[in-house]
Participant: 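Below: one structure in structure tokens.
Numbering of residues begins at 1 and proceeds along the displayed sequence. Predicted model only: the values in this text are computed from it and were never measured. Numbering of ligands and ligand atoms starts at 1, following listing order.
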Amino acid sequence: MVSIEQVTHITFENTQYQLLINGAWQESESGGDYPVTNPATGEVLMFVPDGTARDTRAAIDAAATALPGWSVVPAVERANILRRVAALMLERREHLATVMTLEQGKPLTEARGEIAYAASFLSWFAGEAERIYGQIVPASRPNQRIFVLRQPVGVVALITPWNFPAAMLTRKLGPALAAGCTVIAKPAEQTPLSALELGQLFIEAGIPPGVVNIITCQNPLPFSDTVFADDRVRKISFTGSTEVGRLLIRKSADSVKRISLELGGNAPFIVFKDADLPAAVTGAIMTKFRNSGQTCICANRIFVQRDVYDQFAALFTQEVSKLKVGNGLEPGNVIGPLIDRAAHEKVQRHIDNALEHGAEVLLGGHPLPHSDNPSGTFWQPTVLSHVSSGMLISQEETFGPVAPLIPFDTEAEVIQQANSTPYGLAAYFYTRDVSRVFRVAEQLEFGIVGVNDALPSTAQAPFGGVKQSGLGREGGSFGIDEYLNVKYLSMGI
Ligand code: SIN
């Protein structure tokens, strides 16, 4: 087996990590760069260009110039390019997954899974490109005909997060390119390498210059100010925090841009007394600890009916205690580091607040100094019991490996508590009562509901939230609508 040092060396040899503008790799016009660090070790992996407003404008120029050509490329040819990139991703899965683990920290097995998940969005939207149908609408006069067309919205800016550096990008790139839009993408400052690797695959797959542009930068503001100020950019798609989402809505007002937002969540995970308890335990662990708890749809509040609370808590704690924490490149580790110190501090704050207000620690509760990075961001998987709704951990997304258990008595009470949040992204519940399945699913105010299923995400389903969790849908047949304008022709004949 190769050592971690060798993997790092092999991975980065001969790879150029620069801005992708108009089909060419280039430095920032300012010559500036910034370090990308490995959250598991604190080491600097690489320097990437610190893109400026001028770089962003150059990318918009390229995307605007490429738009007329790309938007009329036959759908089948656009689809073929997406399929080629998906195939290349699977072919180079090991390399791409290793780069992801190095910059993001998630265990290699999860990173491999994410590469396949990311590729699936390109394959799915390749199919959707071929199904951008219009309509013929019954006219109101005998000598009139009405045709409805769906056309690309134009140049789009995609702003993606660090928690899924490949999949959140392809979930936007797939529909944008399938629809015939051209793109300027800005990956999260912490995880630019996966996006740049994808850029290289698009070049190899034959994407015309200017159709996909990638700007890396340490401070996202000059990028976002530039794309919002430019009338040629017709749409922004963002995945990230609700706080930033609100700012983007305000910024979009001046130029009335279309905007899609995948924002924060505060997912309830409800275990009814009639649930298959071992399945509920497995599901809760999958959704809570995936990506070290750093997903927008991960269970944030675990409600357990009082009749089975002690039994669930014991089984859950026993299984969580088996999760191995450490550098994601080492086989067997299933919990990697948190992305940075700010994430680490938020977890600490939530745990401290819960304990001050009467919660009890069933497991963990502490950071985990690790030989790779003693001052790093590893956190021991934590289970808290007797959490209540007034605590910070019940009100805000923790984004860390902490599972708060909350007892409840009745179905009506738990639905009320589950919905009592400004967020509405994902919710989960476990039950074997078919009537309850429909009753509860219909009352939960969330865009995604997992019923006896803790991993609902898939390319063919419409991912997205209600309330303050966002606007629009990604994935499924709905996903491409976000990148299409509807126009109708009314013809006198
Ligand atoms: C997210 O955290 O927003 C993405 C999770 C997923 O696609 O499953």
Participant: At a non-hydrogen distance cut-off of under 4.0 Å, which region of Glu474 contacts ligand 1 (side chain, backbone, both, or neither)?
Facilitator: neither
Participant: Consider side chain to side chain contact (heavy atoms under 4.5 Å, CB included). Of Val153, Thr56, Ile184, which one does Val233 pass it with?
Facilitator: Ile184
Participant: Which atoms of ligand 1 sit under 4.0 Å from any heavy atom of Thr295?
Facilitator: 2 (O)
Participant: Taking both backbone and side-chain atoms of Ser457, is any N or O found less than 3.5 Å from an N or O belonging to ligand 1?
Facilitator: yes
Participant: For atom 5 (C) of ligand 1, what's the nearest protein heavy atom and its distance?
Facilitator: Phe164 CE1, 3.7 Å
Participant: For ligand 1, is there an N or O atom under 3.5 Å from any N or O atom of Gln294?
Facilitator: no
Participant: Any non-hydrogen side-chain atom of Trp379 less than 4.5 Å from a side-chain atom of Ile335?
Facilitator: no
Participant: Do Arg473 and Phe463 form a cation-pi contact, if we require the NZ or CZ to be under 6.0 Å from the six-membered ring centre and within 45 degrees of the ring's axis?
Facilitator: no
Participant: Output the list of atoms in ligand 1 that are nearer than 4.0 Å to some heavy atom of Met168, sorted by atom number.
Facilitator: 4 (C), 7 (O)
Participant: Compute the minimum heavy-atom distance from Arg171 to ligand 1 and say whether it is under 4.0 Å.
Facilitator: yes
Participant: Among residues at least two apart in sequence or on other chains, which ones pass side-chain hydrogen bond (donor to acceptor under 3.5 Å, both in side chains) with Asp481?
Facilitator: Arg150
Participant: Out of Gly240, Gly475, Cys296, indicate the one that has the non-hydrogen atom closest to atom 1 (C) of ligand 1.
Facilitator: Cys296
Participant: Are the charged groups of Glu114 and Arg171 less than 4.0 angstrom apart, N to O?
Facilitator: no
Participant: How does Thr239 reach ligand 1, by side chain, by backbone, by both or by neither, if only non-hydrogen atoms under 4.0 Å count?
Facilitator: neither
Participant: Would you mind reporting whether Leu169 and Leu198 have side-chain heavy atoms less than 4.5 Å apart?
Facilitator: yes
Participant: Under 4.0 Å from a heavy atom of Tyr117: give me the atoms of ligand 1 that qualify, with their elements.
Facilitator: 6 (C), 7 (O), 8 (O)
Participant: Using a 4.5 Å cut-off on heavy atoms from C-beta on, say whether the side chain of Asn38 contacts that of Leu102.
Facilitator: yes
